[in-house]
Amino acid sequence: MFGRKKEEESDPTEQTAAPATKLPRGYTPAKGAPTPRRKDVEARNRRPIVSDRSRMTKQERKAFDKEERAKSRAESNARWEREQRAMKTGDERFMPPQHAGPVRRFGRDCIDARFSPAVIFMPLALILLVAMFTQTLIGNVAFQYLVLAIYAIFILVAIYSVLMVRRVRLLTEHKFGDDKVPPRFFWQMFTRTFYPRRWRLPRPQVKRGQFPEGGSGADVREARSARRGRK
């Protein structure tokens with residue numbers, strides 16, 4: 001009995017709470033892991049300009065390649081759209097290399113300023129295609145005459161286009177020099193003569209009869225005289 005009383009008397013003393021320690025302002029209790037320093041986080045997120053793939057894990061290489069492909073695709077699409085706008089507006093700054101430059105611009109203007117009979121080739125080809133499917137209706141003899149007529153017209157317009165492009169090349173060499181004419185210039189101008197004006201790319205920048213400087217009939221005669229003088 002005396003022992004129990006002694007224990008009961010000692011309990012209030014043991015249960016007396018210790019005075020609370022005053023915590024500093026802004027104190028945050030520990031979360032089980034140290035808060036990373038800002039310098040360490042920035043260093044971990046920073047990537048070199050040229051990543052070392054050999055030090056990457058498989059997942060990192062896969063993510064890096066996917067990001068690079070997406071970036072390359074976006075740049076390619078933006079460049080293509082910029083070039084297409086330049087092809088329609090005639091902006092030489094953003095045209096594709098195979099169409100850019102004053103020499104090609106001069107050749108296109110000479111072609112676009114003159115009517116080309118070769119533009120009738122596509123309608124004739126369409127007529128020939130229809131005739132092939134309706135051969136039984138128009139008869140074999142009529143079909144043969146039609147084919148011969150279309151081939152004859154095609155040969156005539158092809159000869160006219162060759163002569164036109166040769167004249168354009170002569171003017172180009174006379175104005176810019178023989179060494180300034182780019183490769184495949186003749187073929188590029190030749191194929192342009194077969195397209196209607198509204199289908200041509202780059203779009204025509206001159207009207208019919210509006211020849212560029214150095215592309216008139218007098219310039220043709222001067223260029224021929226200069227070529228004969230060199231010979």
Side-chain angles (χ1 to χ4, degrees), residues 76-133 143 146-224 226-227:
S76 178
N77 292 339
R79 183 172 59 254
W80 183 85
E81 293 176 357
R82 187 169 58 247
E83 290 176 351
Q84 290 303 306
R85 285 195 300 268
M87 296 276 278
K88 295 177 181 179
T89 60
D91 191 349
E92 294 283 343
R93 297 174 300 169
F94 303 114
M95 274 194 186
Q98 65 269 24
H99 297 289
V103 178
R104 290 187 177 92
R105 171 66 181 269
F106 176 79
R108 291 195 302 268
D109 290 347
C110 290
I111 295 294
D112 297 334
R114 185 182 295 274
F115 171 75
S116 173
V119 296
I120 67 173
F121 169 72
M122 291 188 181
L124 288 177
L126 182 61
I127 293 174
L128 179 61
L129 182 64
V130 173
M132 291 175 62
F133 288 101
F143 177 74
L146 178 63
V147 171
L148 290 175
I150 291 177
Y151 279 145
I153 294 174
F154 172 72
I155 292 172
L156 290 176
V157 298
I159 293 173
Y160 185 90
S161 294
V162 169
L163 296 177
M164 180 191 295
V165 176
R166 286 186 62 183
R167 180 167 50 192
V168 171
R169 185 181 178 90
L170 174 66
L171 290 169
T172 306
E173 292 175 350
H174 179 66
K175 183 174 182 177
F176 296 97
D178 298 355
D179 56 336
K180 299 298 183 180
V181 179
R184 300 178 61 84
F185 176 83
F186 185 94
W187 179 252
Q188 193 175 28
M189 297 300 119
F190 179 76
T191 54
R192 189 175 181 86
T193 62
F194 284 83
Y195 286 93
R197 284 178 62 89
R198 66 180 61 185
W199 292 359
R200 294 175 182 175
L201 284 176
R203 292 281 175 83
Q205 301 299 311
V206 296
K207 298 178 181 179
R208 275 212 187 110
Q210 185 182 355
F211 292 94
E213 183 179 356
S216 63
D219 294 312
V220 174
R221 291 189 292 271
E222 182 181 345
R224 287 173 178 169
R227 172 177 285 185

Minimum heavy-atom distance Val206-Ala113, with the two atoms named: CG2-N, 4.1 Å

So how far is it from Leu170 CG to Glu222 CD, rounded to the nearest 0.5 Å? 10.5 Å

If you take all heavy atoms of Asp91 and Arg93, which pair is closest and at what distance? OD2-NH2, 2.9 Å

What pair of heavy atoms forms the shortest contact from Gly215 to Leu171, and how long is it? CA-CD1, 3.8 Å

Hey, could you give me each pair passing side-chain hydrogen bond (donor to acceptor under 3.5 Å, both in side chains) that has a residue in residues 153-168? Not counting sequence neighbours. Ser161-Thr193

If you draw a 6.0 Å radius around CE in Met132, do more than 12 non-hydrogen atoms from other residues or ligands fall strictly inside? no

To the nearest 0.5 Å, tell me how far Phe133 CZ sits from Leu129 CG. 5.0 Å

Rounded to the nearest 0.5 Å, the CG atom of Asp178 sits from the OG1 atom of Thr172 at a distance of 10.5 Å

OH/Tyr195 to CE/Met122 distance, rounded to the nearest 0.5 angstrom? 5.0 Å

Quick one: NZ on Lys88 to CD on Glu83, what's the gap to the nearest 0.5 Å? 13.0 Å

Spacing of Ser116 atom OG and Arg208 atom CZ [to the nearest 0.5 Å]: 9.0 Å

Can you confirm whether Arg200 sits close enough to Ile111 that some side-chain heavy atom of one is under 4.5 Å from a side-chain heavy atom of the other? yes

Are any side-chain N or O atoms of Asp219 and backbone N or O atoms of Ser216, one a donor and one an acceptor, separated by less than 3.5 Å? yes

Do the ring planes of Phe121 and Phe194 sit parallel (below 30°), tilted (30 to 60°) or perpendicular (above 60°)? perpendicular

Answer yes or no: is there a side-chain heavy-atom contact under 4.5 Å between Pro204 and Arg192? yes

Which atom pairs, one a donor and one an acceptor, fall under 3.5 Å between side chains of residues 180-189 and the rest of the protein, sequence neighbours left out?
residue	atom	partner	partner atom	Å
Gln188	OE1	Arg104	NE	3.4
Gln188	NE2	Gln98	O	2.8
Gln188	NE2	His99	ND1	3.1

Is the shortest side-chain heavy-atom distance between Arg203 and Gln205 below 4.5 Å? yes

So does Gly90 get a backbone contact from the side chain of Glu92, meaning a donor-acceptor N/O pair under 3.5 Å? no

